[in-house]
Amino acid sequence: MSGHLAAVGFHVFEETVSDTTAQMVASRVEEAAFAEATASDASDEAGLIRIYTARAGELLRAEAKKLGVPSRWGSGGDAGVTATEAELTSSGMLVGDEPASGGESETSSDEEELSALQRLVQKLALRKAEQEEGGEGEPSGEAEEDLEPLLSSFDVAGVAEYIKSGKCGNIIFMAGAGISVSAGIPDFRTPGTGLYDNLQKYDLPHPTAVFELDYFQENPAPFYLLAKELYPGQYPPTPTHHFVRLLHEKGLLLRCFTQNIDSLEAAAGLPHERIVAAHGNFDSARCLKGHPADVHRVREHVDRGEVMRCESCDGCDALVKPDIVFFGENLPERFARLVAEDFPKCDLLIVAGTSLAVHPFAGLINHPGEDVPRMLVNREKVGEMDESTRAIAKLIGRGTGFDFGETNRRDALHLGDCDAGFEELARLLGWEDELKALVEKGRAQTPVKERPS
Ligand code: CNA
C-alpha cells in the first residue's frame with residue numbers, strides 16, 4: 001500500500017490489530033512523515049531521511065499507544081522488498097517491547113530504535129535500486145521497449161483510442177468533489193466558490209473543523225447544517241456521473257472509488273457493488289458510542305436542522321453522526337479490501353475532479369502498475385511532484401505521482417471542466433447519444449434544489 005516504511009512499520013501492528021487497521025495506520029503515518037520531510041528545509045538526502053524516519057518513529061509509537069499494542073518494529077514487506085529477520089535483528093530493528101516509560105533509558109532506546117529504522121529504510125531503498133538495475137524486480141525503465149509511450153497522445157483522444165483498441169476492460173475511476181460541482185454542490189478547495197472559502201454561515205474556527213471529531217463533539221450544529229445542504233436526493237447526477245455509468249454498462253468499469261459523500265454515483269444508476277464510498281456517505285449512521293441509528297430519523301433531524309442524539313437505548317444520548325469519515329478516522333474496511341483486490345487488475349485509471357490533497361485516497365494514483373495508462377480530468381493540474389519531492393519519494397519507496405513532463409509515457413491530461421472532458425470522450429467513443437439520453441432522464445427524475453444565491 002505504501003513505501004519502505006510501511007513495509008517495516010506495518011508488522012508493528014499486524015500481529016495485534018486487523019490488517020485493515022494496520023494498513024490504514026501505516027499509510028497515515030507514512031503520509032504525515034513524508035509531508036513533514038518534504039516541507040522541511042533539509043538540503044540533502046540524509047537530512048530528509050533523518051526527518052522522515054524520526055517523525056515516522058514518533059507517530060508509529062503514538063499510534064501503537066492509542067491502539068494499546070506494543071511498540072516493536074517487525075519485519076514485513078509490501079513495497080516489493082522485504083527485510084529478513086536477520087537483517088532486522090542486526091540493524092537493531094527487533095528491539096523488543098516498548099521500553100518502560102520514563103527515565104533516560106526510554107530516550108536512548110528511542111534514539112537507537114530511530115537510527116535503526118533509518119538504516120533499514122536506506123537499506124531497503126538500496127536493495128530496491130539494485131533489484132531494478134539487475135532486472136530482478138520491476139523493469140528498470142532503461143530498456144528501450146519501456147520507453148514506448150502507452151498512449152498515442154496524452155489527451156482525451158489518446159485515451160479514446162486506447163479504449164477503442166480493446167486493451168482495457170478493468171477501468172478504475174477515482175472521483176472527487178469537482179465531478180459534482182455542475183450539479184450545484186460546491187467543492188472544498190476551489191478559491192471563491194469552494195466551501196472552505198464560504199464558511200461564514202457555519203461559524204467555524206478553521207475550514208476543516210466541520211469534519212473533525214473533537215469539534216463535532218463540542219459543536220455538532222455546523223456539520224448538521226452542511227449535511228442539510230449536501231443530503232442526497234436534492235441534486236441531479238452530472239454528465240460525468242452518467243459517463244461512469246456508461247463505462248459500467250459497456251462492461252469496462254471495474255470500480256468507481258469516490259471521495260464524495262453525495263451518493264450521486266448511485267443516483268446515476270451505478271450499482272452499489274461498483275462503488276466504493278471511500279469517505280462514507282449518508283446511507284448509514286451511528287452514535288459516537290457506536291450504536292446504529294435509524295437513517296430515516298437522521299434525515300428528519302437533518303431536514304429540521306436539529307442535532308440528533310442516540311435513541312437506541314435509555315441513557316446513551318451520544319451524538320449521532322452519519323457514517324461519513326472524519327479527519328483521523330479510518331476509512332471503511334471495504335476500501336482497503338477493494339484497493340488490494342482491484343488495483344492489480346486495473347488497466348486504465350481515470351481521475352476526475354479532485355485536488356488529490358486527502359490521503360490515503362490521493363495515494364491511489366500510484367497503485368496501478370507502471371504499464372497502466374492514467375488520465376487526469378480536472379480544472380487544475382494535480383498529483384505531480386517537484387524534483388526534490390520525487391527524489392525523496394523514490395528513496396523511501398513511495399509512488400511518484402503523475403508525470404505530465406518530458407519523461408511522460410502514460411499520463412493523459414484534460415485541463416478543464418470534467419463534464420466537457422467526458423462528453424468529448426463519449427463523442428470520440430461513439431457514445432454521445434447514449435450519454436445525452438442518460439443525462440436527460442436523470443434531470444427529469446431528480447427534484448432539483450433551488451440554489452441559494
Ligand atoms: P477539493 O479539494 O475541493 O478539490 C476539488 C478539485 O476539483 C479541485 O482541484 C478543483 O479544481 C476541481 N474542480 C472543481 N470543479 C470542477 C469541474 N467542474 N471540473 C473539473 N474539475 C473541477 O475536493 P476533493 O474531492 O479533492 O477533496 C476531498 C474531500 C472533499 C472529500 O473528503 C469529500 O468528502 C469532500 N467533499 C465532497 C463533496 C461532495 O460529496 N460532492 C463536496 C465538497 C467536499
Side-chain angles (χ1 to χ4, degrees), residues 31 156 173-199 202 204 207-213 222-223 225-244 256-268 275-283 321-332 335 350-365 375-384 401-402 412-425 446 449 451:
E31 195 48 50
V156 171
F173 195 99
M174 285 172 58
I179 76 161
S180 297
V181 164
S182 68
I185 309 175
D187 67 3
F188 271 171
R189 293 178 180 81
T190 292
T193 55
L195 281 168
Y196 283 170
D197 266 2
N198 292 281
L199 293 168
Y202 302 105
L204 294 168
T208 50
V210 71
F211 290 124
E212 286 168 12
L213 267 186
F223 173 79
L225 191 61
L226 183 65
K228 188 172 182 178
E229 281 210 37
L230 292 182
Y231 218 93
Q234 311 175 75
Y235 305 93
T238 67
T240 300
H241 293 97
H242 290 296
F243 179 82
V244 184
C256 172
F257 286 80
T258 183
Q259 296 169 94
N260 296 342
I261 55 178
D262 55 29
S263 296
L264 284 185
E265 297 84 3
I275 307 168
V276 176
H279 295 167
N281 57 31
F282 291 94
D283 287 357
K321 170 172 109 39
D323 284 337
I324 285 163
V325 179
F326 277 22
F327 288 107
E329 287 190 302
N330 283 335
L331 272 55
F335 170 81
I350 302 179
V351 181
T354 172
S355 60
L356 291 178
V358 180
H359 287 268
F361 190 93
L364 295 183
I365 65 167
M375 172 165 71
L376 172 70
V377 180
N378 212 44
R379 278 187 185 158
E380 55 179 343
K381 226 192 245 185
V382 294
E384 263 194 314
F402 286 125
L413 176 66
H414 173 87
L415 268 188
D417 282 2
C418 38
D419 291 346
F422 291 110
E423 278 160 358
E424 172 68 359
L425 184 52
T446 319
K449 180 178 165 158
R451 299 296 309 149

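Order of listing sets the numbers, starting from 1, for every ligand and every atom in it.
The CG atom of L264 sits 9.0 Å away from atom OG1 of T258, with the distance rounded to the nearest 0.5 Å. Distance CG/L425 to CE/M375: 5.0 Å, rounded to 0.5 Å. Note that NE2 of H359 is 10.0 Å distant from CG of L364, once rounded to the nearest 0.5 Å. In this structure, CG on L376 lies 9.5 Å from CE on M174, to the nearest 0.5 angstrom.
Listed by chain and residue number, H206, T208 satisfy the side-chain hydrogen bond (donor to acceptor under 3.5 Å, both in side chains) test with E212 (two or more places apart in sequence, or in another chain). Scored by the salt bridge (charged side-chain N to carboxylate O under 4.0 Å, His left out) test, E380 finds no partners at all (sequence neighbours excluded).
Side-chain rings of F361 and F257 stay apart, their centers remaining 6.0 Å or farther from each other.
The shortest N or O to N or O distance between L230 and ligand 1 is not below 3.5 Å. The shortest N or O to N or O distance between F188 and ligand 1 is below 3.5 Å. Ligand 1 has no nitrogen or oxygen under 3.5 angstrom from a nitrogen or oxygen of V358. The shortest N or O to N or O distance between E380 and ligand 1 is below 3.5 Å. Note: no N/O pair closer than 3.5 Å links V181 and ligand 1 by distance alone.
D262 OD2, 3.5 Å is the protein heavy atom nearest to atom 39 (C) of ligand 1. For atom 5 (C) of ligand 1, the nearest protein heavy atom (residue, atom name, distance) is D187 OD2, 3.4 Å. The shortest contact between atom 33 (C) of ligand 1 and any protein heavy atom is with Q259 O, 3.2 Å. Atom 40 (O) of ligand 1 has I261 N, 2.8 Å as its closest protein atom, hydrogens excluded (heavy atom only). Looking only at protein heavy atoms, the nearest one to atom 4 (O) of ligand 1 is S355 N, 3.3 Å. In this structure, atom 12 (C) of ligand 1 lies nearest to the protein heavy atom N378 OD1, 3.4 Å. Protein heavy atom nearest atom 13 (N) of ligand 1, with residue, atom name and distance: G178 CA, 3.7 Å. The nearest protein atom to atom 38 (C) of ligand 1, hydrogens excluded, is given as A177 CB, 3.8 Å; this is a heavy-atom distance.
Near D417, meaning under 4.0 Å from any of its heavy atoms, are these atoms of ligand 1: 17 (C), 18 (N), 19 (N), 20 (C). When each atom of ligand 1 is checked for a heavy atom of G176 under 4.0 Å away, the hits are 25 (O). Interface of G416 with ligand 1, defined as ligand atoms under 4.0 Å from a residue heavy atom, comprises 19 (N), 20 (C).
Under a 4.0 Å heavy-atom criterion, A183 is not in contact with ligand 1. Ligand 1 is never approached by S182 to a heavy-atom distance shorter than 4.0 Å.
Panel note: side chain D417, backbone D419; no donor-acceptor pair is recorded below 3.5 Å. Formation of a donor-acceptor pair under 3.5 Å by the N378 side chain with backbone atoms of T354 is found in this model.
With a 4.5 Å cut-off on side-chain heavy atoms, P186 and T193 do not count as touching. Between L230 and I185 there is a side-chain heavy-atom pair separated by less than 4.5 Å.
Of the candidates N260, I179, T190, it is N260 that places a heavy atom closest to atom 37 (C) of ligand 1. The option from A420, C418, P186, S180 that lies nearest to atom 43 (C) of ligand 1, judged by heavy atoms, is P186. Counting only non-hydrogen atoms, the option in R379, H279, R189 that gets closest to atom 1 (P) of ligand 1 is R189.
For the pair K321 and F326, the cation-pi criterion (under 6.0 Å, within 45° of the ring axis) is fulfilled.
Of all heavy-atom pairs between E424 and V156, the closest is CG-CG1, 3.8 Å.
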